[in-house]
Amino acid sequence: MSTTYKVLGMTCEGCARSLENAMKAAAPGAHIRVDLERNRFTITGIDAPDVIAEAVEVAGFEFGGKE
């Protein structure tokens, strides 16, 4: 099952990589696909919004919730 979330503050590919790395650290084995243009990401392999929100904030962005 995959879920899409909004994320605020991403402006470049470096931001997308930072988010990907934070998610991989918080949820090893999960797959993340970042959509920089739409300020969102889709993640598969984890269904724990609190863990996901914390990883977004650790990466330096604002968690926008489920889309």
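Side chains are part of it too, since the values below use all heavy atoms of this structure and drop only hydrogens, waters and symmetry mates.
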### Task
For F63 and A53, work out which heavy atoms get closest and say how close.
CD2-CB, 3.4 Å
## Note on the structure
Contacts satisfying ring-ring contact (aromatic ring centres under 6.0 Å, His included) that involve residues 7-36 (not counting sequence neighbours) are none
### Message
When you group the ILVMFWY residues by side-chain heavy-atom contacts below 4.5 Å and let the links chain together, are I32 and V58 in the same group?
### Response
no
## Note on the structure
Tightest non-hydrogen contact, residues F41 and V34, listed as CB-CA, 4.1 Å
### Message
Going by side chain to side chain donor-acceptor pair (under 3.5 Å), name the pairs with one or both residues in residues 46-55, residues two or more places apart or in two chains.
### Response
none
### Message
Run the side-chain contact (heavy atoms from CB on, under 4.5 Å) test against V51 and tell me which residues pass, sequence neighbours left out.
### Response
A26, I46, A48
### Query
CG of N39 to CD of E62: how many Å apart, nearest 0.5 Å?
11.0 Å
What pairs of donor and acceptor atoms, side-chain ones from residues 3-23 against any protein atom, are under 3.5 angstrom apart with sequence neighbours left out?
from: T4; atom 1: OG1; to: T42; atom 2: OG1; distance (Å): 2.9
from: S18; atom 1: OG; to: G14; atom 2: O; distance (Å): 3.1
from: N21; atom 1: ND2; to: R17; atom 2: O; distance (Å): 3.3

### Summary
Sequence neighbours excluded, the answer for salt bridge (Lys or Arg N to Asp or Glu O under 4.0 Å) partners of E67 is R40
